[in-house]
Amino acid sequence: MTKHVLYHELSTMRGDVRAFLDQPKKHFIGGDFVDGASGETFWTEDPGLEIVLADVQSGNQSDVDAAVEAARRAFEGEWTAMVPAARAACMFKLADLIYENLDQLAELEGLDTGKPAHVAKALELPFAAEVFRYYGGWATKVRGSTLDLSLNPEKFHAYTRSEPVGVVAGIIPWNFPLAQAAFKIAPALAVGCTAVLKPAEQTPLTALRLAELVVEAGFPAGTINVVTGYGHTAGAALAAHPGVDKVTFTGSTETGRRIIAAAGASNLKRLTLELGGKSPLIIFADADMERAIPTAAAAIFGNAGQVCNAGSRLYVEASAYDRVVEGVVEIGRNMQLGCALDGSSEIGPLMSKTQLDRVTSMVDAARGEGVSVLCGGGREGEKGHFYAPTVLTGMDTASKIATEEIFGPVLCAMSFDDEEAVLAEANRTNYGLAASIWTENAGRAHRMAAGVKAGAVWINSFGVFDPNLPFGGFKESGWGREFGPEGMAAFIETKAVSMHIGG
Ligand code: NAI
Ligand code: MG
């Protein structure tokens, strides 16, 4: 069955989006929009229409040096001098401005990533605003503690201070650009850090629009800086920079390893790493199928599968296997693929030709190994990097397709016989980001939750994200947690102060 792809007309673009695209794109350093040192630029495209949206500065080492210096000045100056209540007010204002500019930001994000603008507007952009609000609330609640020494409590007065780690680099991916920018910056700002943000080369636009909102929100110059860059240049310069105290990163496990190496070879900067995943979605025969089946489909097809925690391995108890897989295939076949500005698009294209080639070659290789394709299995449409929602079955559970991150709308469906067996299968991967478990048996749900090696477990649900709920990976899915007080603690150095008080 050939699916129809909806292509939008650029003439429907909002006036304020067109005006923003027409403006020259510059780095945002020390409160000013500045040209890059090299004078080189690169373009960012809409991956649905494959048209260039804007030329963007190709940041290099000197741009990164300038941004880190500006962040350092703000850290040693105005941002640190502001009382926490005033810092909180800036963060609340930024959240308000995201809401006020939601339609424009949604269209920009849609065009730059290819995803439906209406989806970004409904889900991730309000979430980005809420993350600034949540951590704005924490800005006035950072605490240390007083404590008694265990060996000589009478002689000492001891307490801890929670101090900001310093200058933070946020290196972010292209799948949820503005939301990722918020995830990286907000907890850092809450504890008094300053930041340099490096958006992915494919999606620099909303970070640059955010920079304008940062000015409007009244943050002191240099508190937040944005350096755009092509390839690994700017990101690698930040990871190796002696003036950067911490990197918070989301992206591939491979790039995560490079950042670890760069931190190790430079100043042992602190790291929070949110990396790849191959998350299991496990459905027992007693599950509420009315919810489980559409959720399983959304878990892998949403955002065209370009989600770190995508439910990319579906395990169904044997007696329910046919019903569930047929249900998911049916949904996959009927999903509306389309461009960003078409209100009826449910999912957009893959991010780039590189991603399309990667997904295509992984599925083709699996097919060559005898894996069956139940729906999809190839590109859709004549232009744009669209890939059809795909369900595969009959794979070896230890094969590449069943264990490696695909990062596309491609589901591996497998059946199981009992709890113990499925738990062993679910844990048979180097990743450990998330798991979703479906059963009406509460005891089994909690046994599975305890047994699965994953940082997030969603029972009878999937993709529960909340600013107060820690998120991060076990094993090669990363280091540390984002969101909640845990996410903020990752930007704090604890200082222990002991004073001799006599006796
Ligand atoms: P990537 O991990 O290379 O890119 C993410 C960010 O890291 C970008 O801002 C990039 O410019 C930066 N970067 C690249 N090399 C760097 C270096 N040496 N030092 C510091 N920063 C560096 O991911 P890429 O190449 O865009 O996608 C490849 C695969 O990564 C995808 O197919 C997918 O499997 C995975 N990925 C996972 C994401 C997640 O949410 N966990 C998001 C994006 C990609
Ligand atoms: Mg783009």
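Remember, it's 1-based here, ligands and their atoms both numbered in the order they're listed. This structure is a prediction, so every number in the text was calculated from the model and none was measured. Position 1 is the first residue of the sequence; numbering continues from there.
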In Glu45, which N, O or S atom comes closest to the Mg ion (ligand 2)?
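Relative to the Mg ion (ligand 2), the closest nitrogen, oxygen or sulfur of Glu45 carries the name O.
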
Taking distance alone, with no angle check, do Thr250 and ligand 1 share an N/O pair under 3.5 Å?
no

Subset of ligand 1 atoms that lie under 4.0 Å from at least one heavy atom of [X]:
X	result
Ala200	9 (O)
Pro173	42 (C), 43 (C)
Ile172	6 (C), 8 (C), 9 (O)

Kindly confirm whether the Mg ion (ligand 2) is within less than 2.8 Å of some N/O/S atom in Thr203?
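Here the distance criterion (N, O or S atom, under 2.8 Å) is not met by Thr203, so no.
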
At a threshold of 2.8 Å, where the distance has to be below it, does the Mg ion (ligand 2) have an N, O or S atom of Thr44 nearby?
yes

[atom] - nearest protein heavy atom and its distance:
atom	result
atom 39 (C) of ligand 1	Cys308 CB, 3.5 Å
atom 10 (C) of ligand 1	Lys198 NZ, 3.8 Å
atom 15 (N) of ligand 1	His232 CB, 3.3 Å
atom 7 (O) of ligand 1	Phe249 CE1, 3.2 Å
atom 38 (C) of ligand 1	Phe407 CZ, 3.3 Å

Structural part of Glu254 in contact with ligand 1, heavy atom criterion under 4.0 angstrom:
neither

Pi-cation contact, Phe33 with Lys25 (under 6.0 Å, within 45°)
no

Contact between ligand 1 and [X] is defined here as a heavy atom of the residue under 4.0 Å from a ligand atom; is it met?
X	value
Phe176	no
Glu405	yes
Ala234	no

